Amino acid sequence: MAQKTTYEDVYSRFLQKIEDTDLSRLDEEAYSESMNLWLHSAIAMMELDGVKLNNDYTQLNDNSESFMHKLDNIEIEVISLFMVCAWYDAKINSIEHVLLFVGANGEKWTDQINHMKGLQSARNDFYIRANHAVRNYNYKNNTYFE
């Protein structure tokens, strides 16, 4: 039986791209749940964007925490980039940011707006990176001219 790509293969690539001290404070179950949610969000984003990869990244086995197919290195990279976008989406939509907007301190308001803009900019940069990776992957694996 062919070796399958584990979620951990993708998670480790994802973790190289982010800095999140809150993750280290989570217990094992909460950590696993968060990672799983970001992975599934990334897969959904990719499906919505019509991302096509040689190996089917949409078939997952949550029980064994693995993909049903062996993904290649670039496919893992693409999924991890979309995972970063899902991670940023969670940060951007966090209630902590909304609560700080309601505060009476005008300086906090400005700081929080700048922080939110920075998060949105970083998220957009990763989304562009992810789409460039998909484009390059598809160009490299295009058999049309063969």
Side-chain angles (χ1 to χ4, degrees), residues 2-141:
Q3 183 182 356
K4 297 176 184 173
T5 302
T6 66
Y7 289 1
E8 190 56 43
D9 295 332
V10 178
Y11 294 169
S12 62
R13 193 77 61 91
F14 159 75
L15 289 170
Q16 292 173 350
K17 295 171 179 37
I18 66 163
E19 285 187 38
D20 191 339
T21 55
D22 293 337
L23 275 179
S24 62
R25 295 184 193 125
L26 297 176
D27 63 45
E28 189 175 326
E29 185 178 336
Y31 172 85
S32 182
E33 183 180 324
S34 295
M35 297 294 275
N36 193 283
L37 287 171
W38 293 322
L39 174 65
H40 284 274
S41 291
I43 299 295
M45 272 188 256
M46 293 170 67
E47 286 184 283
L48 286 170
D49 284 356
V51 172
K52 301 285 186 221
L53 302 176
N54 288 344
N55 295 297
D56 189 352
Y57 61 87
T58 63
Q59 293 185 1
L60 310 166
N61 184 336
D62 284 338
N63 293 327
S64 66
E65 293 192 342
S66 65
F67 292 82
M68 299 303 290
H69 302 279
K70 177 73 176 152
L71 303 176
D72 67 28
N73 190 40
I74 297 173
E75 292 168 336
I76 293 170
E77 183 69 13
V78 167
I79 295 168
S80 72
L81 288 167
F82 277 98
M83 243 182 111
V84 173
C85 294
W87 175 77
Y88 271 114
D89 286 344
K91 294 284 184 198
I92 291 167
N93 295 320
S94 169
I95 191 69
E96 293 172 16
H97 292 110
V98 175
L99 291 176
L100 287 173
F101 281 138
V102 180
N105 186 339
E107 188 174 329
K108 256 190 177 173
W109 176 274
T110 303
D111 290 346
Q112 204 55 25
I113 288 173
N114 288 335
H115 178 66
M116 181 70 77
K117 286 180 182 177
L119 288 174
Q120 289 170 330
S121 176
R123 191 260 188 223
N124 291 338
D125 290 345
F126 271 96
Y127 185 75
I128 289 168
R129 257 178 83 183
N131 280 290
H132 284 178
V134 169
R135 182 199 62 213
N136 293 340
Y137 173 87
N138 288 326
Y139 180 77
K140 177 184 169 217
N141 292 294

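Quick caveat: nothing in here was measured; it's all calculated off a predicted structure. Sequence positions, counted from 1, serve as the residue numbers for this chain.
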Engineer: List the residues meeting side-chain hydrogen bond (donor to acceptor under 3.5 Å, both in side chains) with Trp38, not counting sequence neighbours, and say none if there are none.
Structural biologist: none
Engineer: Between atom CG of Leu15 and atom CE of Met83, what is the distance when rounded to the nearest 0.5 Å?
Structural biologist: 7.0 Å
Engineer: May I have the step-by-step check of side-chain contact (heavy atoms from CB on, under 4.5 Å) for Met116 and Ile92, ending in yes or no?
Structural biologist: CA-CA 7 Å; Met116 181 70 77; Ile92 291 167; 3.6 Å; yes
Engineer: For Ser41 and Leu37, indicate whether the former's side chain and the latter's backbone hold a donor-acceptor pair under 3.5 Å.
Structural biologist: yes
Engineer: In Å and rounded to the nearest 0.5 Å, what is the NE2 to CG distance from His69 to Asp56?
Structural biologist: 4.5 Å
Engineer: Which pairs of donor and acceptor atoms, one on a side chain in residues 42-55, lie under 3.5 Å apart (sequence neighbours left out)?
Structural biologist:
{"residue": "Asp49", "atom": "OD1", "partner": "Tyr127", "partner atom": "OH", "Å": "3.2"}
{"residue": "Asp49", "atom": "OD2", "partner": "Tyr127", "partner atom": "OH", "Å": "2.5"}
{"residue": "Asn54", "atom": "ND2", "partner": "Tyr137", "partner atom": "OH", "Å": "3.4"}
{"residue": "Asn55", "atom": "ND2", "partner": "Lys70", "partner atom": "O", "Å": "3.3"}
{"residue": "Asn55", "atom": "ND2", "partner": "Glu75", "partner atom": "OE1", "Å": "2.8"}
{"residue": "Asn55", "atom": "ND2", "partner": "Glu75", "partner atom": "OE2", "Å": "3.3"}

Engineer: Side chains of Tyr31 and Met35, heavy atoms from C-beta outward: is any pair under 4.5 Å?
Structural biologist: yes
Engineer: Could you tell me the separation between the OG atom of Ser80 and the CZ atom of Phe126, rounded to the nearest 0.5 Å?
Structural biologist: 9.0 Å
Engineer: Please report the interatomic distance CG(Asn136) to CG(Asn131), rounded to the nearest 0.5 Å.
Structural biologist: 11.0 Å
Engineer: Once you round to the nearest 0.5 Å, how far does OG of Ser32 lie from OH of Tyr11?
Structural biologist: 5.5 Å
Engineer: Is Ile76 close to Phe14 at the side-chain level, that is, under 4.5 Å between some pair of heavy atoms?
Structural biologist: no
Engineer: Per the salt bridge (charged side-chain N to carboxylate O under 4.0 Å, His left out) rule, what does the pair list look like for residues 5-15, sequence neighbours excluded?
Structural biologist: Arg13-Glu77
Engineer: Taking only residues at least two apart or on different chains, which pairs with a member in residues 112-126 satisfy salt bridge (charged side-chain N to carboxylate O under 4.0 Å, His left out)?
Structural biologist: Asp89-Arg123
Engineer: What distance do Leu81 atom CG and Ile128 atom CD1 have between them, rounded to the nearest 0.5 Å?
Structural biologist: 12.0 Å
Engineer: Hey, can you pull the donor-acceptor pairs under 3.5 Å for the side chains in residues 60-67, sequence neighbours left out?
Structural biologist:
{"residue": "Asn61", "atom": "OD1", "partner": "Asn63", "partner atom": "N", "Å": "3.0"}
{"residue": "Asn61", "atom": "OD1", "partner": "Ser64", "partner atom": "N", "Å": "3.1"}
{"residue": "Asn61", "atom": "ND2", "partner": "Ser64", "partner atom": "OG", "Å": "3.4"}
{"residue": "Asp62", "atom": "OD1", "partner": "Tyr7", "partner atom": "OH", "Å": "2.4"}
{"residue": "Asp62", "atom": "OD1", "partner": "His40", "partner atom": "NE2", "Å": "3.0"}
{"residue": "Asp62", "atom": "OD2", "partner": "His40", "partner atom": "NE2", "Å": "3.3"}
{"residue": "Ser64", "atom": "OG", "partner": "Ser66", "partner atom": "OG", "Å": "2.8"}

Engineer: Go through the structure and list residues passing side chain to side chain contact (heavy atoms under 4.5 Å, CB included) with Arg25, not counting sequence neighbours.
Structural biologist: Thr21, Asp22
